[in-house]
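Here's the structure we're looking at; comments come further down.
Letters go in sequence order (proteins before strands), and every chain restarts at 1.
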2 protein chains.
Amino acid sequence: MEPLTKRQAEILALIRKFQAESGRPPTRAEICEAFGFSSPNAAEEHLRTLARKGAIEMIPGLSRGIRVLKTQRGVDAAEPGLPVVGRVAAGSPILAEENVEERYQVDARLFSPRADYLLRVRGHSMRDAGILNGDLLAVHRAAEAASGQIVVARLDNDVTVKRFQRRGHTVRLLPENPDFEPIEVDLRNEPFAIEGIGVGVIRTKPR
Amino acid sequence: MEPLTKRQAEILALIRKFQAESGRPPTRAEICEAFGFSSPNAAEEHLRTLARKGAIEMIPGLSRGIRVLKTQRGVDAAEPGLPVVGRVAAGSPILAEENVEERYQVDARLFSPRADYLLRVRGHSMRDAGILNGDLLAVHRAAEAASGQIVVARLDNDVTVKRFQRRGHTVRLLPENPDFEPIEVDLRNEPFAIEGIGVGVIRTKPR
DNA sequence: GCCAATACTGTATATCTAACCAGGCTTCGG
DNA sequence: CCGAAGCCTGGTTAGATATACAGTATTGGC
């Protein structure tokens, strides 16, 4: 989605708020009233811009034919449920909008510590820890971890799930499957960061 | 809320569905289209009746000025969340109150088919299917199952989770762990019933 | 300096929408 | 048998709404 100006973001926020409170999208006139515009064209132009930038969809001819396209919002907004993160684009923050597939309505407090998001796991390297290909790993955001914990780690633009082990300057990322090899990272000259700690698993399809 | 006729309940259901899918309430004309009415008055009268009976609110003069008042709590939308079943008392129905430990706020529609309850799994017999001791198995209530599905089965007052296999009069309950032995049941002279089908897993503690 | 984009005012209009009127058909209780 | 309520057709209209066109002013990049 193209970046929005401050004013455009305000308009988008109003559309969201209006819809959440009243159950219907606003008309041009209602947007004008909220912002003090005296011409419906002011609202119309903002809507067109938002549509062009991909923030909303406009259905021609329909009253209140506005759809907010992306549920957007990262961690801060108190939206119910947890964002599901699929493939993580190289270099982008893990909760960047482009990585969020959808939201699942799951109580974050089920997990302890609290889950911040769900990461869709690819591959079989954690099979013996009961984490299968396609599973959702409930992740608590953290930059530190204790040895033995299952972590979401970022190394050189690759995000992976492994069991964490640290000895001095060396970090070992251990798979839970004898078919895979441990990864060794020298913290002095290789990029490494912990994105979070695995606090649970959700599998929505039986195996 | 006064009781609704069958037709009125259908109209109300459509309003809910329309709003959930499009983000806006329907117009009279859109209701007509959905039901095949040829006059907007048919929709108008239904809306008035629904408003009189307290099911919806109508805001005069506004396009799409319909608000569904109660989230309804009938058969379909009972208590939110899923009941967690722990140890199942001998002979009692699996969802009997005495077996329900608590309720977890999880969207039942995450799973397909829909989950009806969560069963806390004891033991390691399904380890290689990624179902560990202490995990919650999301269960869809069913009395039948296809071979190869993971089922919750009741045999002689014992409830167990295994992979289901049937050949004529014989049912085999297969563990997913070489340390355990398959269970064979002769349907002609041994008690056996399927309680449900496993449709997912939730693990609230990392391993 | 100039063009494009943003951010509005002001006006106009075709059409969408809510809302009303008149009437037909059926069911059900008194 | 009657009246009321549910359920619908057909048609009408005031006003709500989307959308186009003509301007003005400001800002930032080239």
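- We find that CG of B:L50 is positioned 17 Å from C1' of C:dA19, with the value rounded to whole Å.
- Annotation: side chain of A:L118 is not in contact with side chain of A:L137 (no heavy-atom distance under 4.5 Å).
- Rounded to whole Å, the distance from CD1 on A:I59 to C1' on C:dC16 is 14 Å.
- Between the A:H140 side chain and the A:R114 main chain, a donor and an acceptor come within less than 3.5 Å of each other.
- B:R64 and B:T27 share no side-chain donor-acceptor pair at under 3.5 Å.
- Contacts between chain A and DNA chain D, taken as any atom within less than 4.0 angstrom of a protein heavy atom, begin and end at D:dT17 to D:dA22.
- Taking every heavy atom of both residues into account, B:Q8 and B:L50 meet most closely at O-CD2, 3.8 Å.
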Notebook entry, point to check: In the 5'-to-3' direction, what one-character label does each nucleotide of nucleotides 3-13 of chain C receive under the scheme B = base within less than 4.0 Å of a protein heavy atom, S = sugar-phosphate only, - = no such atom?
Noted result: ---SBBBBB--
Check: Can you list the steps and then say if A:E45 with A:R48 is a salt bridge (charged side-chain N to carboxylate O under 4.0 Å, His left out)?
Finding: CA-CA 5 Å; A:E45 282 181 358; A:R48 279 172 191 270; over 6 Å; no
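- Partner of B:D135 under the salt bridge (Lys or Arg N to Asp or Glu O under 4.0 Å) criterion, out of B:R122, B:R120, B:R203, B:K205: B:R203 alone.
- Considering every non-hydrogen atom in both A:V121 and A:N133, the closest pair reads O-OD1, 3.6 Å.
- Salt-bridge check for A:R127 with A:E176: failed, with every basic side-chain N at 4.0 Å or more from each acidic carboxylate O.
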